[in-house]
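Every value quoted in this text rests on a predicted model; they were computed, and no experiment measured them.
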Amino acid sequence: MEKIKIMIAEDIDLLREDFIEIVESQSDMEVVGSASSGAQIVQEALAADCDIILMDIEMESIRAGIEAAEKIHDQKPGIRILFLTAHETDSMIIGAMGSGAEDYIVKGCPEQELLERIRNASVGRTSLNPRIQQTIMNEYTRLQKSERSLIFFIENVSQLTPAEKELVKLLLQEKRIQEIADKRCVEVVTVKTQIKGLLNKFGCSRTKEIVQMIRRMGLEHLFLN
């Protein structure tokens with residue numbers, strides 16, 4: 001039976017040696033390379049064949065493992081990367097899985113669980129734990145909502161009159177109602193009426209919400225040119 005070829009990236013020598021020992025004790029696995037940095041594991045992975053990389057995240061930098069995974073997948077997309085890390089923050093999980101990783105394992109899990117997840121990954125079976133799955137689903141839902149918000153926003157922008165676009169521009173410049181009226185040579189009541197129309201189009205209750213939405217989406221340039 002052909003063994004699962006594994007590389008291990010871990011900057012703590014003792015941990016790296018422990019992982020190597022665990023893997024080498026299995027009859028169906030072998031370690032074909034190891035590294036203490038993201039840069040080194042990229043070199044190892046591109047120079048030799050392997051099936052799986054156990055990848056620490058924080059090595060020479062806090063995201064070294066994620067950056068290494070992205071570089072490896074660019075050149076060898078068939079390599080399955082399992083992050084083995086102490087980090088459990090949502091942002092780190094999302095960044096790591098966004099690199100194309102197969103699994104995300106928190107250090108300290110039972111040895112048999114680690115070995116099972118290596119075997120699952122080797123045959124393309126993802127075995128993410130519920131915490132990681134929920135984090136990924138939450139991010140997927142957030143992105144869907146953001147996409148819908150962007151489409152809604154762009155559709156509304158296309159329906160704005162030139163006067164309304166000018167009004168948004170002045171709001172982005174943090175002009176007050178009286179300043180806007182003076183600049184446009186109109187009555188304050190006229191500005192208030194136009195603002196009410198804007199709020200209705202964008203489904204907002206305050207002009208500040210419109211400004212925040214535009215800035216959050218990075219679309220100020222649509223109005224400030």
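Side-chain atoms of Lys76 come within 3.5 Å of backbone N or O of Ala45 as a donor-acceptor pair. A donor-acceptor pair under 3.5 Å is absent between the side-chain atoms of Glu24 and the main chain of Ile20, judged by distance alone. Remark: the backbone N or O of Gly38 is paired with a side-chain donor or acceptor of Glu60 at under 3.5 angstrom. Between the side chain of Glu44 and the main chain of Ala35, no donor-acceptor pair closer than 3.5 Å is present. Under the 3.5 Å distance criterion, the side-chain polar atoms of Asp56 are left unmatched by any main-chain donor or acceptor of Ala9. A distance-only check finds no donor-acceptor pair linking the side chain of Arg80 to the backbone of Glu102 [under 3.5 Å]. Between the side chain of Gln26 and the main chain of Asp28, no donor-acceptor pair closer than 3.5 Å is present. Checking side-chain atoms of Arg215 against main-chain N and O of Leu172 turns up a donor-acceptor pair under 3.5 Å.
Note that CD of Glu113 and CG of Asn120 are 10.5 Å apart. Values are rounded to the nearest 0.5 Å. Summarising the geometry, atom CD1 belonging to Ile177 is positioned 14.5 Å from atom NZ belonging to Lys175; distances are rounded to the nearest 0.5 Å. In this structure, OG on Ser25 lies 6.0 Å from CD on Glu111, to the nearest 0.5 angstrom.
When all heavy atoms are compared, the tightest approach of Arg16 to Asp13 is NH2-OD1, 2.8 Å. Annotation for Lys107 and Leu84: closest pair CE-O, 3.3 Å, computed over non-hydrogen atoms. Between His73 and Ser99, the shortest heavy-atom contact is ND1-O, 2.9 Å. When every heavy atom of Phe223 is checked against every heavy atom of Lys165, the shortest pair comes out as CD2-O, 4.0 Å.
Within a 6.0 Å sphere centred on NZ of Lys71, other residues, nucleotides and ligands contribute 12 heavy atoms or fewer. Crowding of Asp49 atom CG: a count of heavy atoms from other residues, nucleotides or ligands under 6.0 Å not exceeding 12.
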